[in-house]
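One-based numbering, in listed order, for ligands and for the atoms of each. In this chain, residues are counted from 1 in sequence order. Only this structure's heavy atoms are used, side chains among them; waters, hydrogens and symmetry mates stay out.
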Amino acid sequence: MKDIWIIANWKSNKNISEALDWISQVGPKIPKQDNLKVVVCPTFSALSEVKKAITVGNFPLLVGAQDLSPFGIGAYTGEEPAELLNQLITLTILGHSERRQNFRESDETIAKKTQQALGNNITPLVCVQNEEIPVPEGCKLVAYEPIWAIGTGNPDTPENANVVAEKIKQQYSASIEVVYGGSVHSGNVKDLVMQENINGVLVGSASLDAEEFIKICQVVSE
Ligand code: 13P
């Protein structure tokens, strides 16, 4: 059975108490299935408390970040290095289009961040907006997120997402796993993950609501 990733990208949302409330609702309801990998990516400020709550509750939930530093530890004010984050996270989102647009992140910076993640035992999930954006060396988990589908309620079709995922695998390696992101919700997730080349979803707004996120996980596991 193929791996299925369900990754919640909270973006810049939820204070610590809202984050813990979500964990206490979602944690006990996640279907326990070997091939199902459910990840929550809070803000940096909530990471530590979220990690603690998941450990205490023994929930089948992994913790991810939404970014990390292209540098190691040292004099890089404001940056969160992989070497320190790896006590809290197992995955990090990198190169999200919101970072490319708002912070002018280049493919080169994203490649450096990928190397930092890989060198520190963190799985890099690199976002590409189409099949022409480069996948950095060593990256084995890619999110196809077309910009026009993000936060618009206008997702790509499962068939087209499958074609793009297939092209990415053909271009780099068949062992790359591709997830889809952009207006995913409990009503469209099943059709997406049923596609041959799609290994899951990266969920933005629909992941903020605990009940809706539980529904997404349940629909996928059925
Ligand atoms: P929405 O699910 O809100 O469209 O956001 C997608 C996204 O950017 C996830 O990284």
### Task
Could you check Ser175 against Lys140 for side-chain hydrogen bond (donor to acceptor under 3.5 Å, both in side chains), going step by step and ending with a plain yes or no?
CA-CA 7 Å; Ser175 66; Lys140 292 283 181 207; 3.1 Å; yes
Only heavy atoms of [X], strictly under 4.0 Å: list the atoms of ligand 1 that pass.
X	result
Ser205	1 (P), 2 (O), 3 (O)
Ser183	1 (P), 2 (O), 4 (O)
Leu202	9 (C), 10 (O)
Asn9	9 (C), 10 (O)
Gly151	1 (P), 3 (O), 4 (O)

Does [X] come within less than 4.0 angstrom of ligand 1, counting non-hydrogen atoms of the residue?
X	value
Ala149	yes
His185	no
Gly182	yes
Gly181	no

### Message
As a quick check of understanding, evaluate side-chain hydrogen bond (donor to acceptor under 3.5 Å, both in side chains) for Asn162 and Asn197, giving each step before the final call.
### Response
CA-CA 6 Å; Asn162 188 51; Asn197 296 292; 3.2 Å; yes
### Query
How far does CG of Leu36 sit from CD1 of Ile4, to the nearest 0.5 angstrom?
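Rounded to the nearest 0.5 Å, the CG-CD1 separation comes to 7.0 Å.
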### Message
Quick one, Ser207 and Trp10 - any side-chain contact, counting heavy atoms below 4.5 Å?
### Response
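Touching, per the 4.5 Å side-chain cut-off.
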### Query
Checking Gln218 side chain against Ser186 main chain: does a donor-acceptor pair fall under 3.5 Å?
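A pair under 3.5 Å: no.
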### Message
Closer than 3.5 angstrom, by distance alone: can the side chain of Lys11 be matched with the main-chain N or O of Thr43 as a donor-acceptor pair?
### Response
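Pair absent, no side-chain N/O of Lys11 close to backbone of Thr43.
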### Query
In this structure, which one of Tyr144, Trp148, Tyr180 forms a side chain to side chain donor-acceptor pair (under 3.5 Å) with Asp156?
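One option only clears the test, and that one is Tyr144.
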Just need the protein heavy atom nearest to [atom], so name the residue and atom and give the distance.
atom	result
atom 5 (O) of ligand 1	Lys11 NZ, 3.3 Å
atom 2 (O) of ligand 1	Gly204 N, 2.9 Å
atom 7 (C) of ligand 1	Glu145 OE2, 3.1 Å

### Query
So Arg99 and Gln66, side-chain hydrogen bond (donor to acceptor under 3.5 Å, both in side chains) or not? Walk me through it.
CA-CA 10 Å; Arg99 297 210 56 84; Gln66 300 170 20; over 6 Å; no
### Task
Under the side-chain hydrogen bond (donor to acceptor under 3.5 Å, both in side chains) rule, what do Asn35 and Gln33 come out as? Steps first, then yes or no, please.
CA-CA 6 Å; Asn35 68 324; Gln33 222 170 277; 3.2 Å; yes
### Any N or O of Glu98 closer than 3.5 Å to N or O of ligand 1
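Min N/O separation from ligand 1 is not below 3.5 Å for Glu98.
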